[in-house]
Amino acid sequence: MNENVEAEHRLDRAFQALADPVRRAMVARLSRGPATVNELAEPFAITTQAVSRHIHVLEEAELVTRTREAQRRPVHLNPGALEELTAWIDTYRLIHEQQFRSLDAVLAELDSEPARRTATDRTEENRS
């Protein structure tokens, strides 16, 4: 599969996973450090089985990973996947910021024109 197509699929899976508020809350929690299924389930009125399904979706989207520490299987945020999302978003943010800067420059130019015209008009009046 083409590298660009694979990157598009990763982005699709990640954004679809993050479309759910419970999964976004889990990602926010994991940004503070690894957590177990029970720890991730605490703030929600859902079963640990439902939490496990949410974690599975996040794993499929490569947003989280799991490790084994003795009896524990903590869930970790995958910073590389988040960086990929951020880079994609930044590409479009930077394009729009440049467009806004250009618009600001045009507006500033238009805003200063009446002041120049007024000064020119006064100079013309003084010559008469």
Side-chain angles (χ1 to χ4, degrees):
M1 188 179 290
N2 179 324
E3 187 176 315
N4 288 337
V5 172
E6 180 57 35
E8 289 292 320
H9 285 302
R10 278 195 310 275
L11 284 170
D12 290 347
R13 286 191 307 267
F15 283 120
Q16 287 170 353
L18 293 172
D20 185 278
V22 171
R23 290 192 287 268
R24 284 194 309 273
M26 288 179 177
V27 167
R29 165 52 188 88
L30 292 169
S31 70
R32 297 190 315 261
T36 63
V37 171
N38 287 334
E39 291 168 338
L40 288 172
E42 282 175 12
F44 305 107
I46 58 176
T47 65
T48 54
Q49 189 175 28
V51 170
S52 292
R53 283 194 300 267
H54 283 296
I55 292 169
H56 180 73
V57 171
L58 291 169
E59 281 180 307
E60 289 290 313
E62 299 177 19
L63 293 170
V64 301
T65 59
R66 293 180 111 175
T67 58
R68 184 175 295 283
E69 295 174 6
Q71 299 294 336
R72 299 181 64 209
R73 294 231 13 202
V75 180
H76 305 264
L77 203 52
N78 178 1
L82 293 178
E83 287 172 16
E84 189 174 4
L85 291 174
T86 302
W88 184 86
I89 292 168
D90 279 348
T91 300
Y92 296 99
R93 181 185 57 80
L94 293 172
I95 289 169
H96 290 291
E97 279 183 11
Q98 180 57 42
Q99 290 171 343
F100 285 129
R101 280 192 213 103
S102 297
L103 181 59
D104 285 344
V106 169
L107 293 173
E109 180 71 25
L110 291 174
D111 196 32
S112 66
E113 252 183 53
R116 270 191 268 138
R117 272 197 236 132
T118 303
T120 304
D121 292 345
R122 275 192 233 126
T123 305
E124 299 272 327
E125 286 175 12
N126 290 338
R127 287 187 189 159
S128 310

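From a predicted model like this one, the values you see are computed outputs, not experimental measurements. Counting from 1, the numbers follow the sequence of the chain as shown.
- Considering CZ of R73 and OG1 of T67, their distance stands at 8.0 Å, rounded to 0.5 Å.
- Using a 4.5 Å cut-off between side-chain heavy atoms of Ile, Leu, Val, Met, Phe, Trp and Tyr, with links allowed through other members, L77 and L18 fall into the same hydrophobic cluster.
- The shortest heavy-atom contact between L30 and A35 is CD2-N, 3.7 Å.
- Residues V57 and V75 do not share a hydrophobic cluster, clusters being chains of Ile/Leu/Val/Met/Phe/Trp/Tyr side chains in contact below 4.5 Å.
- Contact record, R13 with E60: NE-O, 3.3 Å, taken as the closest heavy-atom pair.
- Every residue was checked against the side-chain hydrogen bond (donor to acceptor under 3.5 Å, both in side chains) condition with R29, not counting sequence neighbours, and none meets it.
- Residues L40 and V37 are not in side-chain contact: their nearest non-hydrogen atoms beyond the backbone lie 4.5 Å or more apart.
- For H56, the NE2 atom sits in a loose shell: 12 or fewer heavy atoms of surrounding residues, nucleotides or ligands are nearer than 6.0 Å.
- Heavy atoms only, all atoms of each residue included: E62 and N78 are closest at O-ND2, 2.8 Å.
- For the side-chain contact (heavy atoms from CB on, under 4.5 Å) with L58, the lone residue among R24, R53, R23 that qualifies is R23.
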Next on the checklist: As a quick check of understanding, evaluate side-chain contact (heavy atoms from CB on, under 4.5 Å) for L82 and L85, giving each step before the final call.
Outcome noted: CA-CA 5 Å; L82 293 178; L85 291 174; 4.3 Å; yes
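- Residue R66 is tested with H76, R72, E59 for a side-chain contact (heavy atoms from CB on, under 4.5 Å); the sole match is E59.
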Item to check | Audit row: I46, H54, side-chain contact (heavy atoms from CB on, under 4.5 Å) steps and yes/no | outcome: CA-CA 11 Å; I46 58 176; H54 283 296; 4.1 Å; yes
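- To the nearest 0.5 Å, atoms CD (Q71) and OG1 (T36) are separated by 13.0 Å.
- W88 and L11 make their closest contact through CD1-CD1, 3.3 Å (heavy atoms, listed as atom of the first residue, atom of the second, distance).
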